[in-house]
Amino acid sequence: MITLKEALKLNKDEIAELREDLKKKIEDKKEIGAYIEQLQDTNIAEFGEGIPIAIKDNIQVTGWNVTNASNILQGYVAPYNATVIDNMLAHGLAPFGRANCDEFAMGSSTESSFYGKTLNPHNHSCVPGGSSGGSAAAVAAGIAVAALGSDTGGSVRQPAAFCGCVGMKPTYGKVSRYGLASYSSSLDQIGPITQNVEDAAILYDIIAGHEKLDSTSANEAHEKVSDKLNCERKLTIAVIENYLEEADDEIKKVTKNAIKALEDAGHKIIYKNMANSKYDIAAYYVIAAAEASANFSRYDGVRYGNRADSTNLKEMYFKTRSEGFGEEVKRRILLGTFVLSSGYYDAYYIKAQKARHFIKSQFEEILSEADLILTPVTPTTAFEFGSKSDPLEMYLQDIYTISVNLAGLPAISLPIGVDSKNMPIGAQFIGQAYGEQVLFDGALSLENILNKGETV
Ligand code: GLN
């Protein structure tokens with residue numbers, strides 16, 4: 001598939017051709033189910049005439065049936081564009097196709113979508129990761145130039161790693177959340193999923209910037225990174241040793257090769273440890289569930305989408321939510337309501353906020369000595385469908401990604417090799433807040449080194 005950088009050079013007729021060509025390819029790769037339209041056997045949703053970009057089904061596009069892959073939002077039609085969509089349109093890009101995802105972006109496998117599952121293009125019996133699994137599978141299968149996903153605890157980086165593409169989570173506030181369905185408002189960020197690092201920088205530049213309608217948007221002018229990319233600059237990179245040692249053997253091996261290649265290329269490698277990631281998991285699932293339980297009160301059958309037949313208001317709320325939400329979403333709402341209840345607020349929610357503060361300070365300390373942090377993205381490569389039936393096991397997929405959201409930092413995942421079954425392995429760079437330039441420079445440097453075939 002043509003890259004975003006190349007597509008930006010096409011004229012109007014060539015872009016029209018690209019869109020037609022893409023539609024044919026999508027039809028040919030129907031079984032992957034990267035797009036909700038493939039799963040529903042309907043025509044691909046389009047808006048505008050620009051370079052086609054796949055959009056996760058939780059980002060508002062005027063006139064689209066944006067559903068968060070949930071039954072409760074069937075019939076809802078978005079009345080406005082998210083800021084990222086307006087920014088794309090202003091740069092000659094256009095939303096194209098609704099990418100499948102876990103219901104309300106909760107999950108790590110895209111198995112909880114109301115529409116059915118998306119297959120990993122590298123092995124159809126494995127998950128593409130999640131929650132932005134459709135976005136990553138579309139890019140990896142060559143049926144999207146690039147895609148947008150959302151990352152609350154790793155949902156852009158983890159599926160990118162499982163599918164062998166690049167996924168980037170911006171600093172909290174750099175990309176407006178206006179028009180992104182809120183899951184956990186203090187953690188959510190929209191991010192690009194692309195074929196390479198440069199495309200990620202280009203798409204990030206297009207979607208980033210202040211939005212006055214979004215009080216959590218960083219109030220500063222966006223400085224472009226994609227025209228200043230510099231892979232020659234030598235960086236100090238802190239490898240989180242205990243994270244690396246915990247990962248699967250094959251991930252460990254491939255990551256160590258990448259570290260060696262970085263060192264050989266002149267970067268300085270230092271080794272650090274972070275507190276056991278089980279604290280990140282605990283803090284994240286308390287905070288994310290608490291915020292979700294508050295955010296999801298809006299899905300009541302009155303304002304959006306589906307409404308269950310009922311004889312009175314209370315019954316309508318009850319039935320709409322019982323029938324509309326899937327199992328995982330209900331579990332999170334219950335958990336969130338519990339940790340926010342008056343008797344448990346201090347014991348769980350306040351404690352989780354303290355843990356969050358601690359996690360942030362650990363990052364600050366390491367990043368005062370290093371330009372970037374390097375960790376694995378996931379403890380294993382893509383797993384088989386149905387293999388993680390225990391929710392806690394699924395939550396452990398996020399051990400290397402969620403702390404980044406808790407700290408509000410930018411991070412990128414990029415492919416660094418494959419395991420013995422040929423499944424992609426990714427590495428994650430984490431940068432300082434608003435340090436996207438260094439983050440992309442480091443990632444581009446690693447991508448270039450590996451492409452030259454010096455290692456792995
Ligand atoms: N897997 C995590 C969760 O279920 C992360 C999801 C995300 O980043 N949207 O909450």
Side-chain angles (χ1 to χ4, degrees), residues 55-59 68-70 99-113 118 127-136 147-163 167-170 172 175 177 180-193 277-278 280-293 295-296 325-336 339 352 356 377-380 382-383 388-413 426 428 430:
I55 307 294
K56 184 174 180 179
D57 190 40
N58 62 354
I59 297 173
N68 288 263
S70 179
N100 198 26
C101 57
D102 278 301
E103 187 182 4
F104 281 103
M106 292 175 166
S108 309
S109 66
T110 313
E111 288 170 293
S112 71
S113 164
T118 297
V127 303
S131 60
S132 313
S135 302
L148 291 185
S150 69
D151 191 312
T152 304
S155 281
V156 160
R157 291 160 285 157
Q158 185 256 16
F162 275 10
C163 291
M168 188 258 173
K169 180 204 107 60
Y172 184 78
V175 172
R177 295 188 301 112
L180 168 70
S182 296
Y183 158 15
S184 179
S185 315
S186 75
L187 302 166
D188 301 335
Q189 272 293 284
I190 296 170
I193 297 184
S277 53
K278 72 179 185 194
D280 305 350
I281 296 277
Y284 171 85
Y285 279 95
V286 169
I287 291 169
E291 293 184 13
S293 72
N295 277 327
F296 288 15
F325 288 132
E327 209 179 300
E328 185 59 30
V329 176
K330 283 181 190 157
R331 188 173 7 255
R332 307 272 184 115
I333 293 174
L334 289 176
L335 177 64
V339 299
R356 181 176 194 170
V377 188
T378 53
T380 64
F383 46 87
K388 305 256 181 283
S389 48
D390 173 2
L392 277 179
E393 241 187 276
M394 189 70 91
Y395 299 170
L396 292 176
Q397 279 305 307
D398 305 321
I399 53 173
Y400 304 131
T401 48
I402 53 176
S403 54
V404 174
N405 301 68
L406 289 166
L409 301 175
I412 189 165
S413 120
Q428 169 176 241
I430 304 164

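In each ligand, atom 1 is the first atom listed, and ligand 1 is the first ligand listed.
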*Asks:* If the test is side-chain hydrogen bond (donor to acceptor under 3.5 Å, both in side chains), which one of Lys169, Arg157, Gln189 qualifies with Asn405?
*Replies:*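 For Asn405, the side-chain hydrogen bond (donor to acceptor under 3.5 Å, both in side chains) test succeeds with only one of Lys169, Arg157, Gln189, which is Arg157.
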*Asks:* If you round to the nearest 0.5 Å, how far is CD of Glu111 from CG of Asn100?
*Replies:*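 Output value for this atom pair is 11.5 Å.
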*Asks:* Can Lys330 and Glu327 be counted as an ion pair, charged N to O under 4.0 angstrom?
*Replies:*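 Here Lys330 does not pair with Glu327 in a salt bridge, since their nearest N and O are not under 4.0 Å apart.
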*Asks:* Check whether any side-chain N or O of Gln397 sits under 3.5 Å from a backbone N or O of Ser108 as a donor-acceptor pair, and report yes or no.
*Replies:*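 No; zero donor-acceptor contacts below 3.5 Å.
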*Asks:* Hey, does Tyr285 have a side-chain heavy atom less than 4.5 Å from the side chain of Arg332?
*Replies:*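 Yes; the side chains approach each other to less than 4.5 Å.
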*Asks:* Verify the distance criterion only: is there a donor paired with an acceptor across the side chains of Gln158 and Thr378 at less than 3.5 Å?
*Replies:*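 Result is no, nothing qualifies.
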*Asks:* Residue by residue, ordered by chain and number, which ones reach under 4.0 Å of ligand 1 with a heavy atom?
*Replies:*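 For ligand 1, the contacting residues are Ala105, Met106, Gly107, Ser108, Ser131, Asp151, Thr152, Gly153, Gly154, Ser155, Tyr183, Tyr284, Tyr285, Arg332, Asp398.
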